[in-house]
There are 2 protein chains.
Amino acid sequence: MSLRHAILGLLARQPSTGYDLTRTFDVSLATTWPASHSQIYPELGKLEGAGLVEVVERGPRGSKTYGLTDAGRDELRRWLVEDEPDRSQRNESGLRLFLTPLLPSQDRRSVLARDLAHVEQQSAILVAIRDQIEEAGRDDPFAAQVDLGIRVNEVISAWLAEQLDRT
Amino acid sequence: MSLRHAILGLLARQPSTGYDLTRTFDVSLATTWPASHSQIYPELGKLEGAGLVEVVERGPRGSKTYGLTDAGRDELRRWLVEDEPDRSQRNESGLRLFLTPLLPSQDRRSVLARDLAHVEQQSAILVAIRDQIEEAGRDDPFAAQVDLGIRVNEVISAWLAEQLDRT
DNA sequence: CGCATCATGTAAGCTGTTACATGATTAT
DNA sequence: ATAATCATGTAACAGCTTACATGATGCG
């Protein structure tokens, strides 16, 4: 049930409407913890019912800005520090990689090449983001995460290239 | 709906019972595409109904060994080569990393240290597997995957150590 | 004989996706 | 005007987890 804590975490950064949260999930968490508005709105309702968040402001178009309550802040900290993380992951690309040895050489090459193109494209996006942050000169904790992404992509990229060479 | 194709892929490697598949998911796919027997048995039933797998042998204790049909082999190849991969992933550790900047320094350090310990432990397991494969001297396509895992873990490990230094 | 392992299934509940539905405000 | 964007919700369905349930076979 990490959606709940993802929302608490985003609200700790700044009070937001469900709409704001939806956008943040899309731009910052899309590759880590995707969530759509149809999940977010009901979850905000449950969190409010549980006393972990509250409406701090009502704006135009019936928008409701939520913020954390003290109980919400406690719960977020408890989860981050005390709960044993769920390390399981589900990643279709890994599954595909696991199965590609079954394919004849030609097919395998085309699958690996497609993956390589995708990883390189992702890298380019991350590098652009890094450069933006650097230019802006802000001390963004997000920069480190972007950097991790770039490094991981580099390793995967190199591995895929090697596999292509050998296939 | 990758479970279906994961099963087809494993059956392409070798005919298996639901029980065999469950073990393979546990040992080889646990970190990529977890699945438990309560999902696997019904899915085998559906795949049989769709004509993609068939019972090739009946053993003691009512065990049924399934193998791919020609249609199953076609579907597996089609999926691997022609279907655009679903690149989405869901990874709680990434979410936690994203949120740790919210924590006071002490808490953040303990969270990072816990992650680092976990990654190093995973690395050790993978290195042991690599050594085993090397000793056995078999030409295992799985070896390359293990190697990828080791390299990715190295990068993450180094990143976590840096973050710890800076926190 | 008793325990571990092999072997297969079902059911309830939770989580997540896709589609449906509606309406207000702002910019062109 | 009208299109884009802001803004919030619900419903149906698919997928996954946890727990329940049962029985056969092999080993010590």
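Just so you know, these numbers use all the heavy atoms, side chains as well, and skip hydrogens, waters and symmetry mates. Convention: sequence-line order gives letters A, B, ...; per-chain numbering from 1.
- With values rounded to the nearest 0.5 angstrom, Leu160(B) atom CG is found 11.5 Å from Asp165(B) atom CG.
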Interface polar pairs with nucleotides 25-28 of chain C, N/O, under 3.5 angstrom:
none

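- Atom CD1 of Ile40(B) is separated from atom C1' of dC6(C) by 15 Å (rounded to the nearest Å).
- Nucleotides of DNA chain D with any atom under 4.0 Å from a heavy atom of chain B span, from 5' to 3', dG15(D) to dT25(D).
- Counting non-hydrogen atoms of other residues, nucleotides and ligands closer than 6.0 Å to CD of Glu82(B) gives a total above 12.
- Judged purely by atom type and a 3.5 angstrom limit, Thr32(B) has no side-chain atom pairing as donor or acceptor with the backbone of Leu29(B).
- Ring planes of Phe142(A) and Phe98(B): perpendicular class, angle over 60° (limits at 30 and 60°).
- Annotation: side chain of Glu92(B) is not in contact with side chain of His5(A) (no heavy-atom distance under 4.5 Å).
- Less than 4.0 Å separates DNA chain C from at least one heavy atom of each of the following residues of residues 25-37 of chain B: His37(B).
- To the nearest 0.5 Å, atom CD of residue Gln14(A) and atom CG of residue Leu21(A) are 9.5 Å apart.
- For the pair Met1(A) CE and dG13(C) P, the computed distance is 17 Å after rounding to whole Å.
- In this structure, NZ of Lys64(A) is placed 15 Å from C1' of dA24(C), rounded to the nearest angstrom.
- Residues satisfying the side chain to side chain contact (heavy atoms under 4.5 Å, CB included) criterion with Ser36(B), sequence neighbours excluded, are Ser38(B).
- Residue Ile7(B) holds its CD1 atom at 11.0 Å from CG of Leu52(B), rounded to the nearest 0.5 Å.
- For the pair Arg90(B) and Tyr41(B), nearest-nucleotide mapping onto DNA chain C gives the more 5' position to Tyr41(B).
- Listed by chain and residue number, nothing satisfies the salt bridge (Lys or Arg N to Asp or Glu O under 4.0 Å) test with Asp131(A) (two or more places apart in sequence, or in another chain).
- In this structure, Glu154(B) CD and Arg151(A) CZ are separated by 12.5 Å, a value rounded to the nearest 0.5 Å.
- Taking atom CD on Glu43(A) and atom P on dG16(C), their separation rounds to 9 Å, with Å as the unit.
- Contacts between residues 11-24 of chain B and DNA chain D, counted as heavy-atom distances below 4.0 Å, involve no residue at all.
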Using the side-chain contact (heavy atoms from CB on, under 4.5 Å) rule, take Trp33(A) and Arg90(B) through it: C-alpha gap first, then chi angles, then the decisive distance, then the call. CA-CA 5 Å; Trp33(A) 202 269; Arg90(B) 207 166 275 285; 3.4 Å; yes
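- Between the CD1 atom in Ile133(B) and the CD atom in Gln145(B) there is a gap of 10.0 Å [rounded to 0.5 Å].
- To the nearest 0.5 Å, atom CG of residue Asp115(A) and atom CD1 of residue Ile156(A) are 9.5 Å apart.
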